[in-house]
Amino acid sequence: MRRPPVLIFAVLLAPITALRAQETASDTLLTVNHYLDWEQVADPQVSPDGLQILYTRRWVNQLEYRWDAGLWTMNADG
């Protein structure tokens with residue numbers, strides 16, 4: 001049984017179209033690259049003398065496919 005050429009063309013074109021759609025970057029939609037650049041700051045604590053702020057920073061570790069976290073300090077005056 002011979003298949004119509006339009007059907008064969010559609011079957012061959014569908015994967016190419018799907019791959020091309022994934023390549024389109026977006027500045028307004030959340031993409032995988034946006035997620036991998038995501039960082040979170042949480043739990044700020046002011047030192048007793050009021051000169052420094054201690055906080056937790058989380059980021060995506062792209063090499064080990066996990067979230068990492070660390071304690072950071074900054075001067076209270078910015």
Trainee: Taking only distance into account, with no hydrogens and no angle test, what donor-acceptor pairs under 3.5 Å do side-chain atoms of residues 41-54 form with protein atoms, sequence neighbours excluded?
Mentor:
| unit_1 | atom_1 | unit_2 | atom_2 | d |
| --- | --- | --- | --- | --- |
| Asp43 | OD1 | Gln45 | NE2 | 3.0 |
| Ser47 | OG | Asp49 | OD1 | 2.5 |
| Ser47 | OG | Gly50 | N | 3.4 |
| Ser47 | OG | Leu51 | N | 3.3 |
| Ser47 | OG | Gln52 | N | 3.1 |
| Ser47 | OG | Gln52 | O | 3.3 |
| Asp49 | OD1 | Leu51 | N | 3.1 |

Trainee: Check the surroundings of atom CH2 in Trp38: do more than 12 heavy atoms from other residues, nucleotides or ligands lie under 6.0 Å from it?
Mentor: no

Trainee: Run the numbers on Gln40 and Trp59 for side-chain contact (heavy atoms from CB on, under 4.5 Å), then give the verdict.
Mentor: CA-CA 6 Å; Gln40 293 178 342; Trp59 63 94; over 6 Å; no

Trainee: Taking all non-hydrogen atoms of both residues, which atom of Asp37 and which atom of Gln62 are closest, and how far apart?
Mentor: OD1-NE2, 3.9 Å

Trainee: Please verify the inter-ring angle class for Trp72 with Tyr55; under 30° counts as parallel, over 60° as perpendicular, anything in between as tilted.
Mentor: parallel

Trainee: Just verifying a value: how many Å separate Arg66 CZ and Asn61 CG, rounded to the nearest 0.5 Å?
Mentor: 5.5 Å

Trainee: List the residues meeting salt bridge (Lys or Arg N to Asp or Glu O under 4.0 Å) with Arg57, not counting sequence neighbours, and say none if there are none.
Mentor: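 Arg57: salt bridge (Lys or Arg N to Asp or Glu O under 4.0 Å) contacts with Glu39.
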
